[in-house]
Amino acid sequence: MNTGLPGTGVGGLFYLLSVVAMILIEIKDFIFMKKRKKHYQLRLVFEQTLLAITIVIAIVSTNIILSTYVFRRRFIPTASWASPVQRSIILIQNHPVVVPIILLTLIIITTQILYFILRYQSDLDRVKDKQSFT
Amino acid sequence: MKADLTVIVPAYNEELSIKDTILSIRNQTVQVKHIIVVDDCSTDDTVKVANSLGVEVIQPGKNTGSKAGAQNIALPNVNTEFVMALDADTTLDMYAVEKLSKAFVHPNVAAACGFVLPRFVNTVWECGRYIEYLIAFTYYKPIQDYFGKPLISSGCFSMYRTKFLLESNGWPTRTMAEDMDLTWSFHKKKFAVRFIPDAVCYPIEPTNFTFFKKQLIRWSHGFVQNLALHWQNVFSVPYLNYIVAVMTWDAILASLVYLFVIPLLTLLLRNPYFLLLYIIDAPIIFIPALYQGIKRSEIGKVVASFPAFFVLRIVNAIFILEAFYTEYVLRKKLISYEKGH
């Protein structure tokens with residue numbers, strides 16, 4: 001099933017960032033010669049990087065095409081003075097990137113907090129189990 | 001060469017497709033030791049066809065009620081190191097077993113799955129599913145595999161290390177998505193799960209809305225049920241927690257956006273440009289699908305199938321919201337397993 005938000009979707013953006021993380025991991029491993037990478041792993045990183053770059057180009061191109069040929073207005077960064085129609089256009093144009101970025105940031109922060117809480121709870125349970133055992 | 005592998009094929013009224021499935025197992029570059037067909041009280045000639053092909057056929061006294069239940073019936077008859085679950089309407093690429101076996105080099109690997117592609121791509125449902133699979137198995141799943149956390153080892157075609165499967169008491173029957181349930185249990189136990197893109201299988205996808213609907217209900221309720229069951233386990237596993245959180249919120253919010261927000265904005269602001277949001281991500285979605293299409297020399301098929309993806313996305317949105325509403329708000333758990341096709 002695929003029900004991602006319009007635009008990159010939160011999922012799409014998450015996987016784009018995952019590719020960035022993959023590249024950073026590879027660079028780190030290369031610098032510290034941590035482990036010898038298998039051929040398929042390097043191929044995977046290369047393929048995903050290629051896809052990610054192309055997707056970013058597609059996002060930028062979509063914005064340019066919409067501005068130039070559909071709305072016939074150049075990109076406007078703020079909308080405090082804009083008319084309702086202009087505001088709609090700004091929303092449509094920037095929605096594919098802006099909305100997922102905001103949502104993804106919130107999701108990542110909440111998930112990480114939940115992770116720490118759950119880990120703390122399981123550590124606590126482990127200590128309790130140990131104490132009751134002894 | 002012979003693999004120490006048993007293939008379990010659960011079947012319910014599969015007389016038309018089971019022959020191709022069994023022949024595709026027999027045509028593997030690596031021979032499997034044992035093929036077991038579990039006929040879950042079919043009313044057609046599934047047993048006859050399976051028997052004519054010389055495989056072991058098990059018939060439970062009454063219908064087990066789910067695919068997982070049928071697969072579990074065969075588990076006591078498995079005495080090989082590895083076991084594979086393969087749907088009776090799914091055929092394998094001739095190298096599938098050989099490629100998938102390579103995932104088990106590391107002793108901690110509990111499960112491995114491969115690339116899934118619809119065998120027939122004719123109707124709008126099959127076309128949409130084709131694009132969905134191309135995106136998922138080209139873009140999402142390899143990244144999940146890199147971080148060691150594939151979200152699901154697909155139920156239609158997965159291989160397991162038998163001892164790990166037995167440790168988990170076989171395939172769980174408590175949710176509508178036994179594959180997700182088992183995969184998340186493996187992640188929790190710190191067993192490895194792998195995705196091998198070179199191992200390809202070809203299931204028959206639903207050809208009409210009736211069957212498609214049944215499959216979507218099962219999948220969406222299965223996801224929601226697994227979320228309720230495993231959330232504490234899942235959210236304490238690094239990276240898997242992000243995948244599940246992102247998937248959950250994306251599914252809920254996107255469904256609300258497609259079904260309510262976009263139509264409302266269009267009407268309230270009287271700006272038809274808002275309708276562009278339904279297809280604004282077309283170039284982004286097209287890239288992974290086209291990339292895989294080029295690799296498989298199926299560019300024409302990708303281009304022709306692409307519009308159907310947007311139809312499926314709306315339909316998916318309806319069913320995912322229905323599942324969340326029924327399971328969480330109405331507290332009605334879907335318990336009857338209806339076969340999708």
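A, B, ... follow the sequence lines: proteins, then strands. Residue 1 opens every chain. These numbers come from a predicted model, not from an experiment.
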Need one label for [X]: side chain, backbone, both or neither, based on atoms under 4.5 Å from any heavy atom in chain A.
X: B:I243; answer: both
X: B:T248; answer: neither
X: B:Y291; answer: side chain

Check your understanding: Do the charged groups of A:D123 and A:K128 touch, with an N to O distance under 4.0 Å?
Key -> no
Check your understanding: Is any side-chain N of the basic residue among B:R129 and B:E132 closer than 4.0 Å to the acidic one's carboxylate O?
Key -> yes
Name the region of [X], side chain, backbone, both or neither, that has any atom closer than 4.5 Å to a heavy atom of chain B.
X: A:T62; result: side chain
X: A:V45; result: side chain
X: A:I108; result: both
X: A:I57; result: neither

Exercise for review: Please list, chain by chain and in numerical order, all residues satisfying salt bridge (charged side-chain N to carboxylate O under 4.0 Å, His left out) with A:E47, sequence neighbours excluded.
Suggested key: B:K295
Check your understanding: Which one, B:P238, B:G128, B:P197, leads in non-hydrogen pairs under 4.5 Å with chain A?
Key -> B:P238
Minimum heavy-atom distance between [X] and [Y], given as atom pair plus value:
X: B:F195; Y: B:F115; answer: CE1-N, 3.9 Å
X: B:I152; Y: B:M180; answer: CD1-CE, 3.5 Å
X: A:I107; Y: B:A245; answer: CG2-CB, 3.8 Å
X: B:H221; Y: B:T326; answer: CE1-CB, 3.9 Å

Study note, to complete from the structure: d(B:W184 CH2, B:L151 CG) to nearest 0.5 Å is 6.0 Å
Exercise for review: Would you please go through residues 114-121 of chain A and name the residues with a non-hydrogen atom below 4.5 Å from one of chain B, in numerical order?
Suggested key: A:L114, A:Y115, A:L118, A:Q121
Revision key, fill the gap. Contacts of B:Y239 meeting ring-ring contact (aromatic ring centres under 6.0 Å, His included) (sequence neighbours excluded), chain-then-number -> A:F14, B:F147
**Study point:** Residues which pass side-chain contact (heavy atoms from CB on, under 4.5 Å) with A:V20, listed by chain and number, not counting sequence neighbours
**Key:** A:L24
Check your understanding: Among A:V19, A:L51, A:T110, who wins on heavy-atom pairs under 4.5 Å with chain B?
Key -> A:L51
